[in-house]
Amino acid sequence: MGVNPYSAMHSGPGRGLAAVYGIFALAASARAGVQIIRDFSEAPLAYSLSGVAAAVYILATVCLVVGNRVTHRIALLSCVFEFAGVVVVGTLSLMLPDVFRVHSVWSLYGIDYGFFPLILPVIGLLWLRHVERRIRQAA
Amino acid sequence: MLRVIPFLTVVLFAASGLLFLWGLVQAIRNRPAGKPILIYTGVLEVLLLIQLIVSAVLFPTHPGTDGVLFFGYLLTAIVMIPLAWFWAFAELSRWGPAVLAAAGITVVVMIERMVQLWV
C-alpha cells in the first residue's frame, strides 16, 4: 500500500500525545503572546523563555501531526530540548528566585501546569522510541 | 462572572467536566469516539460561544476585568474544542475519546481561570 510507517507517530497513544502537545502549544503561545506583547519589559528573560517554550511545543506538535522520518528526528530533538529546558529553567528558578520573580511556563519545573512540562517530553521520547522500534521490526 | 451569570458558569463547568468524564469512561471501555460524544462536544462549543456573546455584552460594565486575559482564555477554548473534535474524529481507537477528555479537563481549568479574572 505504500503507507508511511511514521504516520504511527500520531495514531493510537500518539493521538493522545499529539493532542496534549497541541493543547500545550496553544496554552503556552497564548500565555507567551500576552506576556511579550503587554509587559515584556517587566521580565524580559522569563517572557522570552515562555516564548521559546511555546515555539518548541508548536514544533513538536507539528512534527507529530505530520509524522514522517524527518519530523520523527526533529520531534526527538525537541523533546530532548524541552526536557533540558524545563530542568535548567526549573533549577535556575529555584536558585535565583529574584531573576525569575515572574513565572514562565518552565518555572519551578512547570508547576503552573501540573508538572506536565516535565513529564511530557519523557513520554514523548518513550513513544518516539517505541514507534522507531516497531518500524525497524517491520522492515 | 460567578456573580453576574452564575447559571451559565455552572452549566459550563458541568458541561466541560462531563466531556472529561465521558471521554475518560469511553477510553477506559476501549470505545472509539462515537456520534453521541462528538455531537455533545459540539454542544459544549455552542455553550462557549454563548459565553463569549454574554461576556462581550457585560464586559463594559465590569471595568476591573482584565479583558485581554479573560477573552484570551475564552477564545483559546473556542479554538481548541473544534481542533480536538477533528483530532478525535480521525481516530478509530480509544484514544479518540481520550483526546476529548484532555480537551474537557483543559476547558474546566480555563473556566476556573476566567471566573478568577471576571471582576
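Predicted, not measured: the structure shown is a model, and the values here were computed from it. Lettering follows sequence order; numbering is per chain, from 1.
Hydrophobic clustering (ILVMFWY, side-chain heavy atoms < 4.5 Å, transitive): B:Phe86 and B:Ile78 are in one cluster. Residues A:Phe116 and A:Leu49 share a single hydrophobic cluster, defined by chaining ILVMFWY side chains whose heavy atoms lie under 4.5 Å apart. Under a hydrophobic clustering in which Ile, Leu, Val, Met, Phe, Trp and Tyr are joined whenever their side-chain heavy atoms come within less than 4.5 Å, directly or via other members, A:Val86 and A:Ile119 fall into the same cluster. Following chains of ILVMFWY side-chain contacts shorter than 4.5 Å, one cannot reach A:Leu64 starting from A:Ile58, and the two form parts of different hydrophobic clusters. A:Leu118 and A:Leu77 are members of different hydrophobic clusters when ILVMFWY side chains are connected at heavy-atom separations under 4.5 Å.
Neither the backbone nor the side chain of B:Ala98 comes within contact range of chain A; no heavy atoms are under 4.5 Å apart. Residue B:Ala27: no heavy atom, backbone or side chain, is found under 4.5 Å from chain A.
For the set A:Gly12, A:Gly16, A:Ala19, A:Gly14, the count of heavy-atom pairs under 4.5 angstrom toward chain B peaks at A:Gly12. Options A:Ala30, A:Pro13, A:Ser11 differ in how many heavy-atom pairs under 4.5 Å they form with chain B, and the most are formed by A:Pro13.
For the pair B:Trp87 and A:Val65, the minimum side-chain heavy-atom distance is below 4.5 Å. By the 4.5 Å heavy-atom criterion applied to side chains, A:Arg31 and B:Thr76 are not counted as neighbours. Between A:Arg38 and B:Asp66 there is a side-chain heavy-atom pair separated by less than 4.5 Å.
At most 12 non-hydrogen atoms from other residues, nucleotides or ligands lie less than 6.0 angstrom from CG of B:Leu92. No more than 12 heavy-atom neighbours from other residues, nucleotides or ligands sit within 6.0 angstrom of CZ on A:Arg101.
Atom CG of A:Leu26 sits about 6.5 Å away from atom CG of B:Leu83, to the nearest 0.5 Å. Rounding to the nearest 0.5 Å places CZ of A:Phe24 at 8.0 Å from OG1 of B:Thr106.
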Practice problem: Show your working on side chain to side chain contact (heavy atoms under 4.5 Å, CB included) between B:Ser93 and A:Arg15 and close with a plain yes or no. | Solution: CA-CA 9 Å; B:Ser93 77; A:Arg15 172 93 27 188; over 6 Å; no
